[in-house]
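One structure is given here, and the rest of the page talks about it.
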Amino acid sequence: MKNIIKDTEEVLYRHVSGFHQYVLTDPVHLSYVSKNLCDMVGLTENELLSESEDLFAPLVHPSDRETYSEFIHNLKSKEQTLTCEYRLVIKDKTTLYVSDTTVSRKSDNGIMVGDSVLTDITDIKKENDNLRFLNETIPCGFIKYTCEKQPKVTYISKQMADFLRFPETRNGEPDYLELYKNNIFLMVPMEERRRFALFLNRVYTVGVPVAGEMTLLRFDGSKAYIFGWVTKCVNEQGIEEFQSVCMDVTERNRVRKANESRRYLKALTDVYDKIFEYDLGSNTVKCLYSNNSPLFKGLENIPMQMKYATDKWISETAAPDDRDRIRSFFKDFAQKKLNKSGSKPPQITYKAQSSDGEMKLYRGIFLKMDNNVSLYCCRCVSDAQEADILRSENDSLKENMQELVMRFTDGIAAFEVTADSVRPLYASDNVCEFFGFTKEEWLPLMKKNTLLKDFVSHSQTNYDDISELLRTGEAEFTYFDLKSKTERHIKAICSQKVSDSSPRYVMLYNIGNGTSPDVQTLSENRTVSIRTFGYFDVFVGEKPIAFRSRKSKELFALLVDRRGGYVSSEEAIGFLWEDESVNPVTLARYRKVALRLKNLLEEYGISEIVESVDGKRRIVTEKVRCDLYDYLSGEKEYTRLFKGSYLTNYSWGETTLAELTGNILY
């Protein structure tokens with residue numbers, strides 16, 4: 001008999017996920033648990049068995065306990081077989097989905113018991129959830145079509161037909177889908193057909209699938225944005241055919257475009273006085289932003305007939321001598337003569353009547369949003385030369401708003417701040433430098449949110465100053481202008497806080513050159529003083545160097561600590577990134593840090609204090625004044641400089657600190 005029980009347990013262990021036996025009398029409790037169940041929940045037999053309480057019930061997920069309790073109650077009522085699905089929170093705090101099939105019966109002594117087989121269905125549940133999620137959120141359409149020059153559709157799924165809004169066939173009406181099946185290009189807008197044909201040609205000749213987004217033409221004339229891929233296959237009849245799987249991303253594309261447009265428009269309103277949307281597709285114009293102009297305020301966001309509204313604006317506000325030239329400019333725009341491939345955005349300078357009745361100089365520019373829509377932005381300027389706000393370099397065909405706004409004059413930037421994250425909208429090169437980034441590093445930041453503390457950590461300012469700006473709505477900062485080698489002032493203005501989740505916009509712009517005597521006399525006064533006792537700092541004259549990068553400052557401190565000895569790349573990496581090995585990634589990171597240090601020293605006119613030979617660097621000790629060097633010289637006048645602290649910023653300074661402390665004890 002014992003062998004039978006032993007064999008039974010062995011079978012259960014090998015073939016059943018979990019087995020246990022309930023005693024279904026109050027209090028309900030477990031009288032037997034298999035090793036499988038113990039392994040499943042991570043508990044021992046002693047932790048599950050009790051005659052006075054149900055130690056299994058607390059493992060049931062709180063949201064499922066009512067279901068579990070009803071399951072046990074039903075089992076107690078009579079002899080039967082029931083199945084219940086619920087979740088268990090096991091010992092390691094992970095959640096399992098289980099199916100509990102229990103047979104309730106009366107034992108030989110008349111006590112109601114339940115024999116339970118517990119099956120782990122977590123993987124099945126997750127797979128079903130994923131499939132349901134995919135079906136509900138990104139349902140796919142499927143289409144097959146021939147490899148002819150004018151492909152014919154041989155199969156289209158209902159989901160794909162729904163994407164394209166084909167109506168159901170009714171008695172007496174033609175089957176419109178059948179008409180479209182004879183030529184798949186009828187489903188593609190005219191402007192996309194050449195691109196689609198090139199895709200098909202590439203798939204057919206190279207045999208490589210192509211994936212991406214494109215526009216399709218719905219039956220009702222509207223456009224759908226589809227993400228999908230095309231591949232070439234051989235069907236059951238041995239005939240080559242194209243197959244495509246598509247997902248409708250129209251709504252996602254619309255929301256993304258709307259959000260981007262709002263961000264760009266908000267940034268542009270901080271630079272321009274008025275912004276108009278010209279839609280060549282609908283032949284309309286509407287005022288998006290008027291800066292409270294009496295002439296346009298009441299017309300904001302109201303589409304008007306393009307030619308009539310433009311002529312009326314020119315006749316009522318433009319200077320008489322400029323009217324014909326302005327009309328010609330807008331006529332060329334309407335006929336698409338201005339947006340030539342590879343050319344800079346079309347601009348015009350003219351005189352017009354401002355809201356206060358005075359005749360002032362304006363500069364306008366068309367910023368292309370898509371094939372049909374452009375934004376006409378204009379602002380009043382005080383000087384024709386200062387009005388030239390865009391640089392002369394040409395952009396590629398893929399020019400977009402993010403690249404475009406990078407070309408504003410010095411000292412202009414804008415940011416979107418949400419909660420504790422920031423997303424740059426644009427910035428001129430010098431302001432990028434103020435925040436401690438190159439232009440190449442800045443562009444990727446414009447596509448994502450970055451924690452505000454991480455973003456500010458690279459800059460010449462600090463987190464407290466930025467927090468104060470967000471609190472008060474206004475602040476002033478300074479930055480070093482690379483071109484003029486002078487310090488300039490920038491002003492920052494922040495929009496009001498509406499709610500915790502709504503974004504705020506920060507605009508920075510140049511307000512002129514600084515008047516700091518230290519900066520103006522920088523080239524004549526290049527005495528470099530270094531402080532190592534306490535916190536590490538470097539001064540040119542009496543002005544501290546504003547390190548934009550913490551790592552470049554730490555590298556300079558390391559060179560100072562070596563007292564004129566060369567430091568190799570490998571050695572520097574070991575100090576700057578103590579927990580990382582020397583590899584191509586850390587070497588590239590180190591070279592960027594070293595380059596930033598070099599550029600910073602050049603800005604302050606003191607590049608000669610660091611010498612570089614074959615990738616090794618050292619500080620030229622005879623060209624600097626340093627409290628460490630003075631103290632170690634042994635001169636009596638410097639014996640009291642060291643007071644027990646050294647390079648407090650950096651943990652690796654403890655070696656030299658021990659040496660200095662030993663000198664004191666000695």
Can you tell me how far CG of Leu216 sits from SG of Cys246, rounded to the nearest 0.5 angstrom? 6.5 Å
Here the pair of heavy atoms bringing Leu96 nearest to Thr122 is CA-OG1, 3.4 Å
Pair listing, salt bridge (Lys or Arg N to Asp or Glu O under 4.0 Å) test, anchored in residues 176-188, at least two apart: Glu178-Lys181
Taking atom SG of Cys147 and atom CD of Glu240, what is their separation to the nearest 0.5 Å? 5.5 Å
Does a side-chain heavy-atom distance below 4.5 Å link Arg195 with Met214? yes
Rounded to the nearest 0.5 angstrom, the CD-OG distance for Gln305 and Ser282 is 10.0 Å
Would you be so kind as to tabulate the donor-acceptor pairs closer than 3.5 Å made by side chains of residues 584-592, with sequence neighbours excluded?
unit_1	atom_1	unit_2	atom_2	d
Thr586	OG1	Ser581	O	3.0
Thr586	OG1	Asn583	N	2.9
Thr586	OG1	Asn583	O	3.0
Thr586	OG1	Asn583	OD1	3.4
Arg589	NH1	Glu580	OE1	3.1
Arg589	NH1	Glu580	OE2	3.2
Tyr590	OH	Arg617	NH1	3.4
Lys592	NZ	Glu441	OE2	2.9

Any donor-acceptor N/O pair, Arg323 side chain to Ser315 backbone, under 3.5 Å: yes
Run the numbers on Ile326 and Trp313 for side-chain contact (heavy atoms from CB on, under 4.5 Å), then give the verdict. CA-CA 11 Å; Ile326 301 172; Trp313 163 68; 4.2 Å; yes
Listed partners of Asp162 passing salt bridge (charged side-chain N to carboxylate O under 4.0 Å, His left out), at least two apart: Lys158
Rounded distance (nearest 0.5 Å) linking atom OG of Ser222 with atom CZ of Arg165: 4.0 Å
Parallel, tilted or perpendicular, judged at 30° and 60°: which one describes the rings of Phe196 and Phe185? perpendicular
What residues form a ring-ring contact (aromatic ring centres under 6.0 Å, His included) with Tyr204, not counting sequence neighbours? none
With Phe199 via ring-ring contact (aromatic ring centres under 6.0 Å, His included) - residues at least two apart: none
Any side-chain donor near an acceptor of the partner, Thr310 and Tyr278, under 3.5 Å: yes
Salt bridge (charged side-chain N to carboxylate O under 4.0 Å, His left out) against Arg202, all qualifying residues, sequence neighbours excluded: none
For residues Val245 and Cys140, report the shortest heavy-atom separation together with the two atoms involved. CG1-CB, 4.0 Å
A side-chain contact here means heavy atoms from C-beta on lying under 4.5 Å apart; do Met187 and Val153 qualify? yes
Distance only, no hydrogens: is a donor on one side chain within 3.5 Å (strictly under) of an acceptor on the other, for Gln353 and Thr317? no
Please enumerate all residues that pass side-chain contact (heavy atoms from CB on, under 4.5 Å) together with Arg252, with sequence neighbours excluded. Glu213, Val249
Is the shortest heavy-atom distance from the side chain of Val285 to the side chain of Asp279 under 4.5 Å? no
Min side-chain heavy-atom separation Leu217-Val188 under 4.5 Å: no
Qualifying residues under ring-ring contact (aromatic ring centres under 6.0 Å, His included), relative to Phe329, sequence neighbours excluded: Phe366
Just do the side-chain contact (heavy atoms from CB on, under 4.5 Å) check on Thr349 and Leu361 with the steps written out, would you? CA-CA 7 Å; Thr349 302; Leu361 184 68; 3.4 Å; yes
Asp311 meets the side-chain contact (heavy atoms from CB on, under 4.5 Å) criterion, sequence neighbours left out, with Lys307, Arg327
Backbone N/O of Ile239 and side chain of Asn235: donor-acceptor pair under 3.5 Å: yes
For Thr215 and Glu192, what are the C-alpha separation, side-chain angles and deciding distance, and is it a side-chain contact (heavy atoms from CB on, under 4.5 Å)? CA-CA 7 Å; Thr215 307; Glu192 289 273 10; 3.4 Å; yes
If only atom types and distance count, is the side chain of Arg218 paired as donor or acceptor with the main-chain N or O of Lys223 below 3.5 Å? yes
Verify whether one side chain among Ser293 and Asn291 offers a donor that lies under 3.5 Å from an acceptor in the other. no
Evaluate side-chain hydrogen bond (donor to acceptor under 3.5 Å, both in side chains) for Ser354 paired with Tyr362, printing each intermediate quantity in order. CA-CA 9 Å; Ser354 65; Tyr362 283 84; 4.7 Å; no
So, do Val230 and Gln243 sit near enough that their side-chain heavy atoms are less than 4.5 Å apart? no
Interatomic spacing from NZ in Lys551 to CH2 in Trp577 - rounded to 0.5 Å: 6.0 Å
Go through the side-chain N and O atoms of Arg87 and Thr95 and say whether any donor and acceptor fall under 3.5 Å apart. no
Would a 4.5 Å heavy-atom cut-off, applied to side chains only, mark Tyr376 and Phe330 as touching? yes
For Glu241, which residues count as a salt bridge (charged side-chain N to carboxylate O under 4.0 Å, His left out) partner, sequence neighbours excluded? none
Closest approach of Ile275 and Cys377, non-hydrogen atoms and distance? CG2-SG, 4.1 Å
Hydrogens and angles aside, do Thr146 and Glu148 bring a side-chain donor and acceptor to less than 3.5 Å of each other? yes
Test your reading of the model: is there a side-chain donor-acceptor pair from Asp248 to the backbone of Ile226, 3.5 Å cut-off? no
Can Tyr145 and Tyr155 be said to form a ring-ring contact (aromatic ring centres under 6.0 Å, His included), step by step? CA-CA 7 Å; Tyr145 42 105; Tyr155 172 79; over 10 Å; no
Taking the side chain as everything from C-beta on, heavy atoms only, tell me whether Thr205 gets closer than 4.5 Å to Asn201. yes
I'd like to know if the side chain of Glu300 reaches the main chain of Ser290, judged simply by a donor and an acceptor atom lying under 3.5 Å from each other, with no hydrogens or angles considered. yes
Between Thr284 and Met304 (side chain of the first, backbone of the second, donor and acceptor by atom type, cut-off under 3.5 Å), is there such a pair? no
Partner set under side-chain contact (heavy atoms from CB on, under 4.5 Å) for Thr94, not counting sequence neighbours: Ile90, Asp92
Under 4.5 Å between any side-chain heavy atoms of Ile348 and Arg363, yes or no? no
Could you tell me if the ring centre of Tyr272 sits under 6.0 Å from that of Tyr289? no
Backbone of Ser549 reached by a side-chain donor or acceptor of Ser552 within 3.5 Å: yes
Let me confirm one number: the CG-CG distance from Asp273 to Asn292, rounded to the nearest 0.5 Å. 11.5 Å
Partners passing salt bridge (charged side-chain N to carboxylate O under 4.0 Å, His left out) against Asp322 (at least two apart in sequence or in another chain): Arg325
